[in-house]
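Report on the following structure.
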Amino acid sequence: MSELLKCQALSKEYNEGENTVRVLNNINFTVNKAEQVAIVGSSGSGKSTLLHLLGALDQPSAGEVLFEQQNIFRFTDSQQAQFRNQSLGFVYQFHHLFSELTALENVMMPLQIRRIPIKAASKKAAELLEKVGLADRAQHKPSELSGGERQRVAIARALITDPACILADEPTGNLDYMSADQVFDLLLKLNAELGTALLIVTHDRSLASQMDR
Ligand code: ADP
Ligand code: MG
């Protein structure tokens, strides 16, 4: 299997005056292309910190993250922005949709950032909304959608750039169990269908046990 994302001796500590909080200590792992991986840890164990590093949203104290053999911390700012926009899709516990935009407009946003013409962007967004089962909700705003539907919009937005990898931070943590199952099943289905690698961090072992690794 070919390697997509590789953490090498990754460490992160936060220094607050006299206090050092050592959150990640010499982490090593690899995610292969199209693979499904769960990383399980209790609250406060450093899961969100790890995902921030994988998205080059923060600097490590030591170690490297290689994406397709390239050290993401050596990218320039614009290369990092491009890496996040083109190679990764993010799904968070809270959907982070724009409340004043429709579902369709939210899903289009990453393509608009890439200056894709509006017609092409909206066509692709409509296709993604259909894939997540929300074709009939394209014109609805987040406040008019259920929690599970909002997360499905967030997943469509994460996938619209055809990323190589989805990074998901407790993506079902804020949902009732029925919606959580639906959202989780959708992530697995899209991973299989599109070959997008899926890395989920979660405290939920039963969820993690349904993934490849
Ligand atoms: P998780 O997502 O697994 O719940 P986090 O990665 O959010 O854990 O946090 C891991 C630890 O790092 C916690 O003890 C948290 O208090 C600490 N931490 C997170 N961000 C900061 C920060 N910016 N400054 C200091 N400590 C932080
Ligand atoms: Mg967290």
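Order of appearance sets the numbers: ligands from 1, and atoms from 1 within every ligand.
- Contacts between H203 and ligand 1, counted as non-hydrogen atom pairs separated by less than 4.0 Å, are absent for every part of the residue.
- The protein heavy-atom contact nearest to atom 7 (O) of ligand 1 is S48 CB, 3.8 Å.
- One finds no salt bridge joining E127 and K131 here, because no Lys/Arg side-chain nitrogen approaches an Asp/Glu carboxylate oxygen to under 4.0 Å.
- Within the 4.0 Å heavy-atom criterion, both parts of T49, backbone and side chain, lie near ligand 1.
- The environment of Q86 atom CD is dense: over 12 non-hydrogen atoms of other residues, nucleotides or ligands sit within 6.0 angstrom.
- Counting heavy-atom neighbours within 6.0 Å of Y14 OH, excluding the residue itself, gives a total above 12.
- The shortest N/O to N/O separation between V21 and ligand 1 does not fall below 3.5 Å.
- Annotation: V23 places no N or O atom under 3.5 Å from an N or O atom of ligand 1; distance criterion only.
- Between Y92 and H96, the two ring planes are perpendicular [angle over 60°; tilted spans 30° to 60°].
- Other residues, nucleotides and ligands contribute only 12 or fewer heavy atoms inside 6.0 Å of the CD1 atom of I118.
- For L187 against P171, the heavy-atom pair with the smallest separation is CD1-CG, 4.0 Å.
- Environment of CZ in R22: sparse, with no more than 12 heavy atoms of neighbouring residues, nucleotides or ligands closer than 6.0 Å.
- Nearest protein heavy-atom neighbour of atom 24 (N) of ligand 1: E16 OE2, 3.2 Å.
- What sits closest to atom 13 (C) of ligand 1 on the protein, heavy atoms only, is G44 O, 3.7 Å.
- For the Mg ion (ligand 2), the set of nearby N, O or S atoms under 2.8 Å includes none belonging to S43.
- For atom 23 (N) of ligand 1, the closest non-hydrogen atom of the protein is Y14 CE2, 3.5 Å.
- For CG of N15, the number of neighbouring non-hydrogen atoms (other residues, nucleotides, ligands) closer than 6.0 Å is greater than 12.
- For G41, the heavy-atom gap to ligand 1 stays at 4.0 angstrom or more.
- Nearest protein neighbour of atom 8 (O) of ligand 1, counting heavy atoms only, is G46 N, 3.2 Å.
- Distance remark: protein heavy atom not present below 4.0 angstrom from atom 16 (O) of ligand 1.
- Proximity of a side-chain donor or acceptor of K47 to a complementary backbone N or O of S42 within less than 3.5 Å is detected.
- Those atoms of ligand 1 that come under 4.0 Å of a heavy atom in S42, given as number and element, are 3 (O).
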